[in-house]
Amino acid sequence: MSAYEQIYAVVRLIPLGKVATYGQIATLAGLPGHARQVGYALFRVAPGADVPWQRVVNSRGEISYSALRHGSDDIQRLLLEEEGIQFNPNGRIDLRHYGWQPLPLSELATEQSQEGGSKSRL
DNA sequence: CAGATGACAAGAT
DNA sequence: AATCTTGCCATCT
């Protein structure tokens, strides 16, 4: 499997109503520190693919607006708002609230263990 | 094959 | 806190 498909697999795991950062996706995909490759991979996502690319934002919780995106950046914001994500006045998302916090190993295996989740949240 | 570029991130200023 | 600079790697010229 190519590294890009691995990236797409992780992006597909982002639940509706949550967002993840490029660096986070890179780490979960087994490419720690290679956030740029994640962005490049998402650029190559074919239209119609079942990849929620709109749920990936930069580390500042903001959409990466670019002139080379044919306006898909603007669509990204609309899609996120459709999913119930609220933007700050400065156009940023509060990652403390909407940031996706994946469970360890839950991406590679079917999450079956489900106990009371009173763990630290830092 | 070498140089430039890019949906980023972290460190320095 | 905001902006600039450097690192990283796959693709494109």
Side-chain angles (χ1 to χ4, degrees):
Chain A
M1 177 186 283
S2 3
Y4 279 9
E5 295 190 31
Q6 191 76 335
I7 291 172
Y8 299 146
V10 176
V11 174
R12 271 188 275 259
L13 296 174
I14 305 174
L16 190 147
K18 296 288 183 179
V19 295
T21 66
Y22 292 94
Q24 190 176 10
I25 298 300
T27 301
L28 292 173
L31 303 168
H34 299 168
R36 299 189 82 177
Q37 268 48 40
V38 175
Y40 206 75
L42 293 181
F43 178 78
R44 288 197 40 190
V45 172
D50 55 334
V51 178
W53 52 269
Q54 70 273 19
R55 294 177 195 154
V56 185
V57 296
N58 62 27
S59 62
R60 293 159 50 177
E62 190 178 43
I63 293 174
S64 294
Y65 290 96
S66 294
L68 310 171
R69 292 182 60 182
H70 304 275
S72 66
D73 44 8
D74 193 36
I75 296 174
Q76 179 172 7
R77 171 154 184 169
L78 295 177
L79 288 173
L80 291 178
E81 289 180 335
E82 284 294 316
E83 296 186 356
I85 294 176
Q86 301 174 359
F87 286 75
N88 290 342
N90 33 357
R92 299 199 304 211
I93 299 171
D94 188 354
L95 292 179
R96 296 178 306 180
H97 207 75
Y98 297 106
W100 177 42
Q101 291 162 333
L103 301 172
L105 306 177
S106 66
E107 311 82 31
L108 305 177
T110 0
E111 53 283 307
Q112 291 187 341
S113 36
Q114 189 171 3
E115 274 76 11
S118 52
K119 302 177 63 177
S120 60
R121 47 93 175 99
L122 184 64

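Chain letters run A, B, ... following the sequence lines, proteins first, then strands; residues in each count from 1. When reading the values below, keep in mind they use all heavy atoms of this one structure, side chains included, and skip hydrogens, waters and symmetry mates. Keep in mind that what you see is a predicted model, and the values were worked out from it rather than measured.
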Which part of the nucleic acid, if any, lies within contact of L31(A), taking any heavy atom under 4.0 Å across all strands shown: a base, the sugar-phosphate backbone alone, or nothing?
nothing

Working to the nearest 0.5 angstrom, can you tell me the gap between I63(A) CD1 and L80(A) CG?
5.5 Å

In whole angstrom, give the distance that lies between atom CG of L95(A) and atom C1' of dC8(B).
14 Å

Grab the CD1-C1' distance between I93(A) and dA7(B) for me, whole Å please.
14 Å

How is G23(A) classified with respect to the nucleic acid when contacts are heavy atoms under 4.0 Å: base, sugar-phosphate, or nothing?
sugar-phosphate

Does a side-chain heavy-atom distance below 4.5 Å link W53(A) with F43(A)?
no

Atom CG of L68(A) to atom C1' of dA4(B): distance rounded to whole Å?
14 Å

Between dA10(B) atom P and Y22(A) atom OH, what is the distance in whole Å?
14 Å

Between L13(A) and P102(A), is any pair of side-chain heavy atoms under 4.5 Å apart?
no

For R60(A) and dG11(B), what is the distance between atoms CZ and P respectively, to the nearest whole Å?
15 Å

Does H34(A) make a side-chain N or O approach to OP1 or OP2 of dC9(C) shorter than 4.0 Å?
yes

Atom of V51(A), atom of Y8(A) and distance for their closest heavy-atom approach
CG2-CB, 4.1 Å

Checking N88(A) side chain against G91(A) main chain: does a donor-acceptor pair fall under 3.5 Å?
no

Does V19(A) belong to the same Ile/Leu/Val/Met/Phe/Trp/Tyr cluster as V11(A), with side-chain heavy atoms less than 4.5 Å apart forming each link?
no

Can you find a side chain N or O atom of S64(A) that sits less than 4.0 Å from OP1 or OP2 on dC8(B)?
yes

What's touching nucleotides 11-13 of chain C from the protein side, N or O pairs under 3.5 Å?
residue, atom, partner, partner atom, Å
dT11(C), O4', Y40(A), OH, 3.4

Separation of atom NE2 in H70(A) from atom P in dA7(B), rounded to whole Å
11 Å

Taking all heavy atoms of F87(A) and all of I93(A), pick out the closest pair and write down the distance.
CE2-CG1, 3.7 Å

Close side-chain approach of D50(A) and R12(A), heavy atoms under 4.5 Å
yes

N58(A) atom CG is separated from dA2(C) atom P, nearest whole Å, by 13 Å

Strand-adjacent residues in residues 73-87 of chain A, judged by heavy atoms under 4.0 Å from DNA chain B
Q76(A)

L78(A): hydrophobic cluster co-members (side-chain, 4.5 Å):
none

Measure CD/Q37(A) against P/dC8(C) and give the value in whole Å, please.
12 Å

Report the nucleotide, chosen from dA9(B), dC8(B), dA7(B), that has the shortest atom-to-atom distance to any side-chain atom of R36(A).
dC8(B)

